[in-house]
Amino acid sequence: MSKFAAYYEWTVTARKCLDGELPPPHLGEFRLPKRWIHFPLAGLEHSTRVARFYQELLDEVERSRLHEKRKELYRKFQNRVVFAHIAHEEIQVVLGTASRLRTSLAHLHVALKLMKELKEYDDEHPVHWSEVFPTQSAQGNLSPEELWFLFKLESLRPCLVALVRLLRQVLPDCSVLWNECEGNLLRREWIFQFILDLPKPLETQVPAHFLRIFDVPLE
């Protein structure tokens, strides 16, 4: 299973658990916590900063010649990530249960579904060099597919960081897994864990630009 697919499956599972369904047997046995959670959650980035991060990337997308379908899906994706953070900030209690995270988790689930839809569209309609480069000779070391793939990963990271911090509260029995996921997402080489999601191995090193850290404080 790809790393992205694993995150997606955990999101679906967490939402089902909040609705009272049992998790699939292959994911193990765990229970929803019967404990109070302090809000706002420690370490969850403020929506204004998340929105600013995505606005910079969205500006790049809008200035590009990417196919309109790619732009449309990307716009919807980044909106959902921002909405998830806003929903968290709109929780009006200091102490509450994991059910208070239902709306934020739903937004992140939709965001991942949109990214999945974008991947499926890209698989059927591979990005052309003219969508991301001014001329064919300006491509450099990365192919159009590789460049667009890395851009999407860069966009995905704040979504996954927020997701892990929600999952930590919804499914605390899996804290060892969430510690591992969070550690992988916060290290400088975080992007390499998704290399298996590429349709083919990268033929060159990942540029330093795509290794930049979206600074999210540890709890």
Side-chain angles (χ1 to χ4, degrees), residues 1-15 45 47-88 102-134 139 142-167 181 185 190-200 202 206-207 209-212 214 216:
M1 178 186 294
S2 72
K3 182 64 71 173
F4 176 82
Y7 278 109
Y8 186 85
E9 183 173 5
W10 274 111
T11 306
V12 173
T13 298
R15 292 194 68 194
E45 194 62 62
S47 61
T48 55
R49 189 161 183 269
V50 176
R52 188 163 57 247
F53 172 84
Y54 278 114
Q55 188 59 54
E56 292 180 8
L57 296 182
L58 182 60
D59 288 344
E60 291 185 42
V61 168
E62 298 291 9
R63 287 194 303 266
S64 74
R65 292 177 292 177
L66 285 166
H67 192 281
E68 184 56 36
K69 182 66 173 180
R70 295 188 226 279
K71 290 184 178 183
E72 176 190 354
L73 291 172
Y74 186 85
R75 290 186 203 107
K76 292 180 178 179
F77 160 77
Q78 59 91 28
N79 278 336
R80 286 292 184 161
V81 181
V82 176
F83 292 161
H85 287 78
I86 292 174
H88 166 255
R102 184 179 275 106
T103 302
S104 291
L105 194 59
H107 281 305
L108 293 180
H109 183 203
V110 174
L112 293 182
K113 284 200 290 187
L114 287 163
M115 189 58 77
K116 184 181 178 187
E117 184 179 348
L118 180 55
K119 179 186 182 302
E120 291 170 352
Y121 179 84
D122 292 338
D123 290 343
E124 293 181 14
H125 309 278
V127 64
H128 190 261
W129 68 262
S130 61
E131 296 183 65
V132 292
F133 298 109
Q139 289 188 44
L142 290 175
S143 69
E145 294 89 346
E146 291 168 340
L147 186 65
W148 178 230
F149 173 78
L150 292 173
F151 186 90
K152 288 186 294 182
L153 279 188
E154 184 179 29
S155 304
L156 193 59
R157 183 174 175 275
C159 172
L160 296 181
V161 170
L163 175 62
V164 169
R165 289 181 173 171
L166 295 188
L167 293 176
C181 290
L185 289 168
W190 65 271
I191 208 167
F192 292 113
Q193 65 185 297
F194 292 94
I195 294 302
L196 291 179
D197 289 273
L198 262 175
K200 62 178 182 178
L202 283 173
V206 178
H209 166 70
F210 292 103
L211 297 178
R212 67 185 179 184
F214 177 76
V216 185

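Treat the numbers as computed from the prediction; the structure is a model and nothing was measured.
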Let me confirm one number: the [atom1]-[atom2] distance from [X] to [Y], rounded to the nearest 0.5 Å.
X	Y	atom1	atom2	value
Leu185	Arg165	CG	CZ	9.5 Å
His107	Leu166	NE2	CG	11.5 Å
Ser155	Glu60	OG	CD	8.5 Å
Gln78	Cys159	CD	SG	11.5 Å
Leu160	Leu108	CG	CG	9.0 Å
Leu150	Leu156	CG	CG	12.5 Å

Ignoring hydrogens and angles, tell me if any N or O in the side chain of Glu62 forms a donor-acceptor pair with the backbone of Asp59 under 3.5 Å.
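Not a single qualifying donor-acceptor pair exists.
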
Looking at His85, is its backbone amide N or carbonyl O close enough to the side chain of Ser47 to form a donor-acceptor pair, meaning the two atoms are under 3.5 Å apart?
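Absent.
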
Flag the pair [X] / [Y] as yes when at least one side-chain heavy-atom distance between them is below 4.5 Å, and no otherwise.
X	Y	value
His109	Tyr8	yes
Lys116	Phe4	yes
Leu57	Glu154	yes
Lys71	Ser64	yes
Trp10	Cys181	no
Val82	Ile86	yes
Lys152	Leu118	yes

Do the charged groups of Lys119 and Glu124 touch, with an N to O distance under 4.0 Å?
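So Lys119 does not pair with Glu124 through a salt bridge.
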
Flag the pair Arg52 and Glu56 as a salt bridge only when some basic side-chain nitrogen lies within less than 4.0 angstrom of an acidic carboxylate oxygen.
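Salt bridge: no.
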
Give a yes or no on whether the ring-centroid distance for Phe151 and Trp148 is below 6.0 angstrom.
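Distance test on ring centres: under 6.0 Å, yes.
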
Could you tell me which non-hydrogen atom of Ala84 sits nearest to which non-hydrogen atom of Ser104, and how far apart they are?
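Scanning both residues completely, I find the closest heavy atoms to be O-OG, 2.8 Å.
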
For a side chain to side chain donor-acceptor pair (under 3.5 Å) with Glu131, tell me which candidate from Arg70, His67, Arg65 qualifies.
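Single pass found, and it is Arg70.
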
Looking at Leu73, Asp122, Leu112, which one forms a side chain to side chain contact (heavy atoms under 4.5 Å, CB included) with Glu117?
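The residue from Leu73, Asp122, Leu112 that satisfies side chain to side chain contact (heavy atoms under 4.5 Å, CB included) with Glu117 turns out to be Leu73.
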
Mind checking side chain to side chain contact (heavy atoms under 4.5 Å, CB included) for Arg102 and listing every partner two or more places apart, or none if nothing turns up?
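For Arg102 the side chain to side chain contact (heavy atoms under 4.5 Å, CB included) partners, ignoring immediate neighbours, are Leu18, Asp19, Ser99.
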
Which label fits Phe77 and Tyr54: parallel for a plane angle under 30°, tilted from 30 to 60°, or perpendicular past 60°?
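Judged by the thresholds at 30° and 60°, the geometry between Phe77 and Tyr54 is perpendicular.
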
